[in-house]
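To keep things clear, I will list the structure first and then write my remarks on it.
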Amino acid sequence: MALILIIPACGGKDKNAGAFPDGFASLSDEQKVVYMMEHASADSVARFIIYASLGKIEGVKIDTLNNASLKAYETYTDTALQTFSWEFDRVAEELPLHDKMRLRALVGAEDPQGLGLTLGLEYMNQIRVKGMSADEVLKELQELKKASADDPDLYARFLIGFRTVLRYDKNSDMPKEIYSRFLNYDEDAVQEYYNRNKSTSNPSNNTPDSIPMEGRLPNLPTDSPESTPTDSI
């Protein structure tokens, strides 16, 4: 079916939304998923739900990701269910950083206060698996900052998590440039975060340990203004 070809493979907006039948955009989320399940493979349906939820299919939108994905999970069985689940998880994991943040926010399975921190703690593994260069990491961080313009705390918490792992995970299997460029990356954004959140912490001890979310990292070194090295590239 031609529908399989209109699902964007690289996260760009689809330009062939006209391949959908007339009236498709006006269907409910569940109806869109049912139509896709009848006309496309399970892996294509998984990609459709993710990209339509992120607004990457021109003219077609999934408004409630959880309702759409639940319809597929409740309907598929056996191999089709496994295929859908595997592809959904694979695509979600391989999304660019800012899209991964948006998707997780749409799923709503994580505490919004911890979303940025969790993404930051996981990001080193994504860099390693994808074999990303320092320039590629920089581009993703810049895109994440743009996408988080309305929620600078989310971006700052991401940086705190990422920089904490950089200190904890410093080893020879990653390019040294990753560590040297990002150990102190965008310090201003992190400092501004601490300043904004002084009212929820002890004013005399403005460290991550005194801010609720960052205080829940007992096995990782803290990333605070006091502990940040002065050498920065």
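Side-chain contact check for D43 and S41: at least one donor-acceptor pair (N or O, by modelled atom type) lies under 3.5 Å. In summary, the side chains of Q82 and D78 do not present any donor paired with an acceptor at a separation below 3.5 Å, with no hydrogens or angles considered.
Y73 is connected to L103 through a chain of hydrophobic side-chain contacts under 4.5 Å among Ile, Leu, Val, Met, Phe, Trp and Tyr, so both are in one cluster. There is a path of hydrophobic side-chain contacts, each under 4.5 Å, that joins L138 to Y123. Under a hydrophobic clustering in which Ile, Leu, Val, Met, Phe, Trp and Tyr are joined whenever their side-chain heavy atoms come within less than 4.5 Å, directly or via other members, V34 and I62 fall into different clusters. Cluster membership for V107 and F48, using ILVMFWY side-chain heavy atoms within less than 4.5 angstrom, is shared. Taking hydrophobic clusters as Ile, Leu, Val, Met, Phe, Trp and Tyr residues chained together by side-chain heavy-atom distances below 4.5 Å, L70 does not share a cluster with V91.
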*Using the side-chain contact (heavy atoms from CB on, under 4.5 Å) rule, take R181 and D135 through it: C-alpha gap first, then chi angles, then the decisive distance, then the call.*
CA-CA 10 Å; R181 288 181 66 174; D135 286 342; 2.8 Å; yes
*asked:* What verdict does the side-chain contact (heavy atoms from CB on, under 4.5 Å) test give for L121 and L117, after you've listed the backbone C-alpha separation in whole Å, the side-chain angles of each residue and the deciding distance to 0.1 Å?
replied: CA-CA 6 Å; L121 293 171; L117 187 67; 4.3 Å; yes
_Chi angles and distances behind the side-chain contact (heavy atoms from CB on, under 4.5 Å) call for L97, F158_ = CA-CA 11 Å; L97 181 60; F158 169 87; 3.5 Å; yes
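Under a 4.0 Å N-O distance rule, the pair K139/E136 does not qualify as a salt bridge. At a threshold of 4.0 Å, the pair E187-R163 counts as salt-bridged, since one of the basic side-chain nitrogens sits closer than that to a carboxylate oxygen. Between R104 and E122 a salt bridge is recorded (basic side-chain N to carboxylate O distance below 4.0 Å). The pair K100-E93 meets the salt-bridge criterion, with a side-chain N (NZ, NE, NH1 or NH2) lying under 4.0 Å from an Asp/Glu carboxylate O.
Counting heavy atoms of neighbouring residues, nucleotides and ligands inside a 6.0 Å radius, atom NZ of K71 does not exceed 12 of them. Taking a 6.0 Å sphere around CG of D22, one finds it holds 12 or fewer heavy atoms contributed by other residues, nucleotides or ligands.
Annotation for L106 and N66: closest pair O-ND2, 4.0 Å, computed over non-hydrogen atoms. The two residues S44 and A40 have their closest heavy-atom pair at CB-CB, 4.0 Å. Of all heavy-atom pairs spanning A189 and A156, the tightest one is O-CB, 3.8 Å. Between G59 and A25, the shortest heavy-atom distance links the atoms O-CB, 3.3 Å. Scanning all heavy atoms of the two residues, the minimum distance from Y76 to A42 falls at OH-CA, 3.4 Å.
Residue I178 holds its CD1 atom at 7.0 Å from OG of S133, rounded to the nearest 0.5 Å. Rounded to the nearest 0.5 Å, atoms CG (L144) and CD (Q142) are 11.0 Å apart. The distance from the OH atom of Y179 to the CE atom of M124 is 4.5 Å, given to the nearest 0.5 Å. Annotation: the span from M101 atom CE to L95 atom CG amounts to 11.5 Å, rounded to 0.5 Å. Note that CG of L159 is 11.5 Å distant from OH of Y193, once rounded to the nearest 0.5 Å. Distance check, rounded to the nearest 0.5 Å: CG of D99 to OG of S53 gives 11.5 Å.
Using modelled atom types, no side-chain atom of K56 and backbone atom of I50 make a donor-acceptor pair closer than 3.5 Å. R102 places a side-chain N or O within donor-acceptor distance of the main-chain N or O of L54, the cut-off being under 3.5 Å. A donor-acceptor pair is defined here as one N or O able to donate and one able to accept, closer than 3.5 Å; such a pair exists between the side chain of T118 and the backbone of G114. Between the side chain of T75 and the backbone N or O of A72, no donor-acceptor pair lies under 3.5 Å. With R167 contributing its side chain and L183 its backbone, the two residues share a donor-acceptor pair below 3.5 Å.
Note: F162 and F182 have tilted aromatic rings, judged against thresholds of 30 and 60 degrees for the angle between ring planes. Ring geometry for F88 against F84 counts as tilted: the plane angle lies between 30° and 60°, on a 0 to 90° scale.
Between L141 and D186 there is no side-chain heavy-atom pair separated by less than 4.5 Å.
Partner F20 forms a side-chain contact (heavy atoms from CB on, under 4.5 Å) with one of K32, M36, H39 and no other, that one being M36.
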